[in-house]
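Notes to accompany the following structure.
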Amino acid sequence: VQLQASGGGLVQAGGFPRLSCAASGSIFSIDAMRWYRQAPGKQRELVAVITSGGSTNYADSVKGRFTISRDNAKNTVYLQMNSLKPEDTAVYYCNAWIKPTPAHSSAYDYWGQGTLVTVSS
């Protein structure tokens with residue numbers, strides 16, 4: 001199983017890029033999907049989570065500006081980022097708990113490679 005993130009880059013403050021993360025490989029089911037970020041010199045932090053049922057939760061720092069969504073048919077999670085600020089500059093990582101086959105009794109934790117978002121003021 002692999003997670004491939006895309007959509008990062010250099011964005012001006014106030015911009016509205018969308019990150020995507022597609023899961024591929026042997027996938028029976030996907031539980032919660034999450035976006036994390038790690039800014040230079042800081043610890044990785046949870047940005048947003050979406051459950052298999054579509055419930056969402058956000059870090060206070062992005063609430064009202066970012067929207068997480070998923071397309072279960074495409075095994076893809078998105079992060080729509082609006083009203084970007086320079087402090088949103090970070091490497092963004094997607095994460096998903098995936099059960100590869102029905103034979104697996106539990107899901108496993110998978111990470112994407114990270115995509116850098118740089119917000120210029």
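All values derive from a computational prediction rather than experimental measurement.
- Nearest heavy-atom pair, Gly114 versus Val91, reported as atom, atom and distance to 0.1 Å: CA-CG1, 3.8 Å.
- Salt-bridge annotation for Asp60 and Lys63: present, with a side-chain N of the basic residue lying under 4.0 Å from a carboxylate O of the acidic one.
- Applying the side chain to side chain donor-acceptor pair (under 3.5 Å) definition to pairs two or more places apart or across chains, those involving residues 107-119 are Asn95-Asp109, Asp109-Trp111.
- Cluster annotation: Val47 and Val49 are assigned to distinct hydrophobic clusters (Ile/Leu/Val/Met/Phe/Trp/Tyr, side-chain heavy-atom contacts under 4.5 Å, transitive).
- The shortest heavy-atom contact between Met33 and Thr76 is CE-C, 4.3 Å.
- Evaluation of the side chain to side chain donor-acceptor pair (under 3.5 Å) test over residues 10-34, restricted to residues two or more places apart or in two chains, returns none.
- The shortest distance between side-chain heavy atoms of Arg65 and Asp88 falls below 4.5 Å.
- For the residue pair Leu3 and Ala96, the shortest heavy atom distance occurs at CD1-N, 3.8 Å.
- Clustering ILVMFWY residues whenever any of their side-chain heavy atoms sit less than 4.5 angstrom apart, transitively, puts Trp97 in a cluster other than the one holding Ile50.
- When atom types are taken as modelled, the side chain of Gln80 and the backbone of Phe16 share a donor-acceptor pair closer than 3.5 angstrom.
- Considering all non-hydrogen atoms of both residues, Ala13 and Ser121 come closest at CB-CA, 4.3 Å.
- For residues 69-80, there are no salt bridge (Lys or Arg N to Asp or Glu O under 4.0 Å) pairs, not counting sequence neighbours.
- Scanning both residues, Leu84 and Pro17, for their nearest heavy atoms gives CD1-CD, 3.3 Å.
- Minimum heavy-atom separation, Gly8 to Val117: CA-CG2, 4.0 Å.
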Where do Leu116 and Tyr92 land on the side chain to side chain contact (heavy atoms under 4.5 Å, CB included) test, with the steps shown first? CA-CA 6 Å; Leu116 175 63; Tyr92 285 75; over 6 Å; no

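- For the atom pair CZ of Phe66 and CG of Leu79, the computed distance is 6.0 Å after rounding to the nearest 0.5 Å.
- Using a 4.5 Å heavy-atom threshold, the side chains of Ile68 and Trp35 count as touching.
- Other residues, nucleotides and ligands place more than 12 heavy atoms under 6.0 Å from the CD atom of Glu45.
- For the pair Arg37 and Tyr93, the cation-pi test (distance below 6.0 Å, angle within 45°) is failed.
- Using a 4.5 Å cut-off between side-chain heavy atoms of Ile, Leu, Val, Met, Phe, Trp and Tyr, with links allowed through other members, Met81 and Tyr36 fall into different hydrophobic clusters.
- No path of Ile, Leu, Val, Met, Phe, Trp and Tyr side chains, each step under 4.5 Å between heavy atoms, connects Tyr78 with Ile30, placing them in separate hydrophobic clusters.
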